[in-house]
Protein chains: 2
Amino acid sequence: MSQKLFVSAQEVAEKAGVSRSAVSRTFTSGASVSPKTRQKVLDAAEALGYHVNHLARGLMRNESGIVCLIVSEIGTPYRSSLIRALTQQLQNSGKISMLINTDRSDGSVDLALRQAIRYRADASIILSGLPDKSITDLCLKNGQRLVLINRDDDREGPLSINLDDADAAARVATAFVRAGCRKLAFANSQAGTPSLMARERGFVAAAKALGLDVIVERFGHTGYESGRVVAQQLLTRKDRPDAVFCATDLLACGFMDAARHQFSMSIPDQICVAGFDDIEQAAWSSYQLTTFAQPVDMIAREAVSWLVGDSAQPEHHSVRLHADLVWRSSIRGG
Amino acid sequence: MSQKLFVSAQEVAEKAGVSRSAVSRTFTSGASVSPKTRQKVLDAAEALGYHVNHLARGLMRNESGIVCLIVSEIGTPYRSSLIRALTQQLQNSGKISMLINTDRSDGSVDLALRQAIRYRADASIILSGLPDKSITDLCLKNGQRLVLINRDDDREGPLSINLDDADAAARVATAFVRAGCRKLAFANSQAGTPSLMARERGFVAAAKALGLDVIVERFGHTGYESGRVVAQQLLTRKDRPDAVFCATDLLACGFMDAARHQFSMSIPDQICVAGFDDIEQAAWSSYQLTTFAQPVDMIAREAVSWLVGDSAQPEHHSVRLHADLVWRSSIRGG
DNA sequence: TTGTATGCGTTATCAC
DNA sequence: GTGATAACGCATACAA
């Protein structure tokens, strides 16, 4: 390890023959510095390979430029596409993202937020889990902004971004009925995530309003395998359903594969299927899944613009976005 | 914005009735502090909501604890699973990951590395693209460690982690021939990524050694859609191939879907298919793709252990890992 | 516009 | 084991 330290503004100043404040000003947007001085500094910096130390800058300005993304199951299609959208928009706004991986354990999100505090993140965006109120209060008290995505939480301070899950569920119920389906089912995981439960409740309520009951089946985590298991459970019943709304596309893919390859069923002729998220795989020709599109780019835009905005009052704020129904061929008609 | 600054060690010291050095020592592992003092400090810190400022600590120690992950197309299955593995292992080693999204533009990776330098990242891990030598030299000169994953680059300084791509390709060629295939094809994208090209060259060479020619077709980016297009190109030929090695699973999924649904072909009866990466979808029952498993956890372990290791000589180092062949049912026999 | 001086929160060095 | 003090690299109030 050559352990030669990074080059500092001091060294640049000496080489350029100016004061170190001139160097600082050159790299501070909106500071007054003459073009001549500025150029001398820039040349010296380039020659020396100088880069502003954002650690020190953050210390001074009390603004690190860091935004924490707190998320579990990063490898999942929907999650990773949301991460992509967020990091991109954050970069465009001059922020940088820290990625913290949480697991299902209890204090996992709290630990992540503590890490965000240690690095003096300007904001944290929570995609998974729900932190303890004490720790979010701590974040807010320290001037850190908080965004909760699909957490459906109504506490004061953070920005909450949610979708119209119940509404979407109602639209699916209608579509099923219009397709001639009468035995409705809902396939869910046991995660109990707010948005997942909202879809479930919305679907059951909408069906009830249409005079239909819903068979609700839940199993395991929110993934492909669980979709298969739920299919097993639903399709071996005497009163086999003729329409299934799956809480996520991943569940739907598992369900469809089991229905076709294990139960030799034809979709949508024998059974209609709908999903949620519109992951890339939903469009693959093996699935052609009718589903709701998570407006990831819009979610990211809402989150980031609120984060960087200097709204003096980051008071209680809540956004509800619309999930478009993407018609493919897993529901008859359309 | 309450703009009440974060609580500092100074305040904790006052509340606990000790010096700020005592506070510092309490939060520095391996420092000598009496249990009594330590407890007083801990209590005061808890009461005040104190968290060590890692920006300042990084400034002092010249070690930020930050590791930069530089990657494009985050939303892709293989990429996101690698990111998951890396962030997890980094967290386990007390590091935190910064995620920088690059695009296909030229200086994109260089820009990302500059960002890594500004935040004084202890290391950068590059999953996409290849930075300019001048900028990697700058990183290395500043004591930053560099890891290149599947970049197949042989420069001095960084750790290079690669797979035995050519070897894997040869195994596929053998498997195809053993399955009775004679008209081999290779489906690639136009990305020209080192590992993708290594697979292509390895496959062509191995086939040649077996006395067979290979039809090579390349198209677009490395995704599902390109797989479909390549299928279009390959399956409309007079000398339609009876075995196709796709450079990645995503290409393979697109290829399989097109072969089945557009050309009504049966896999593996009429055509054998193999992929690379072993993404989650490869195991889905619609594909059951025979493929090579990227050892993502092992890759992450190699990278992280090298990063945190205090090997005084981070000299030229290169690791070549083995990709296991996962047999499913897209190749006859097995 | 420019330079000087001070402080940000932390750790390391040194006496005690 | 403990407390004072000097850095770390930067931004800024202030004087020039």
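Letters A, B, ... are given to chains in the order of the sequence lines, protein chains preceding strands, and every chain is numbered from 1. Here the structure is a predicted model, which is why all the values come from computation and not from measurement.
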Check: Nucleotide by nucleotide, 5' to 3', does protein get under 4.0 Å of the base (B), only the sugar-phosphate (S), or neither (-) in nucleotides 4-16 of chain D, counting heavy atoms?
Finding: B--BBBBBB----
[X]: partners by side chain to side chain donor-acceptor pair (under 3.5 Å), with sequence neighbours left out:
{"X": "A:Arg84", "answer": "A:Gln88"}
{"X": "A:Lys40", "answer": "none"}
{"X": "A:Arg57", "answer": "none"}

Residue pairs passing the ring pair (Phe, Tyr, Trp, His ring centres under 6.0 Å) test where at least one lies in [range], sequence neighbours excluded:
{"range": "residues 95-148 of chain A", "value": "A:Tyr119-B:His54"}
{"range": "residues 79-102 of chain A", "value": "none"}
{"range": "residues 11-42 of chain A", "value": "A:Phe27-A:Tyr50"}

Check: Using Watson-Crick and G-U wobble pairs whose two distances are both under 3.5 Å, how do you write the pairing of DNA chain D as dot-bracket, with | for links to another strand?
Finding: ||||||||||||||.|
Next item on the list: Output all residues satisfying salt bridge (Lys or Arg N to Asp or Glu O under 4.0 Å) with A:Arg301, sequence neighbours left out; order by chain, then residue number.
Entry: none
Item checked: Rounded distance (Å) that lies between atom P of C:dT10 and atom OH of A:Tyr119 -> 14 Å
Checklist line | Candidate list B:Ile83, B:Ile70, B:Ile299, B:Asn150, test side-chain contact (heavy atoms from CB on, under 4.5 Å), partner B:Leu127, passing option | finding: B:Ile83
Margin query: Between D:dA16 and D:dT12, how many Å separate the two C1' atoms, rounded to a whole number?
Written below: 16 Å
Next item on the list: Identify, residue by residue, the members of residues 32-40 of chain B with a heavy atom below 4.0 Å from DNA chain D, and return them in order of residue number, or none.
Entry: B:Ser32, B:Val33, B:Ser34, B:Thr37
Check: Among all residues two or more places apart in sequence or in another chain, which pass the side-chain contact (heavy atoms from CB on, under 4.5 Å) test with A:Ser128?
Finding: A:Val71, A:Ser72, A:Arg79, A:Thr102
Next item on the list: Check side-chain contact (heavy atoms from CB on, under 4.5 Å) between B:Asp152 and all other residues, then give those that pass, not counting sequence neighbours.
Entry: B:Asn162, B:Pro194, B:Arg320
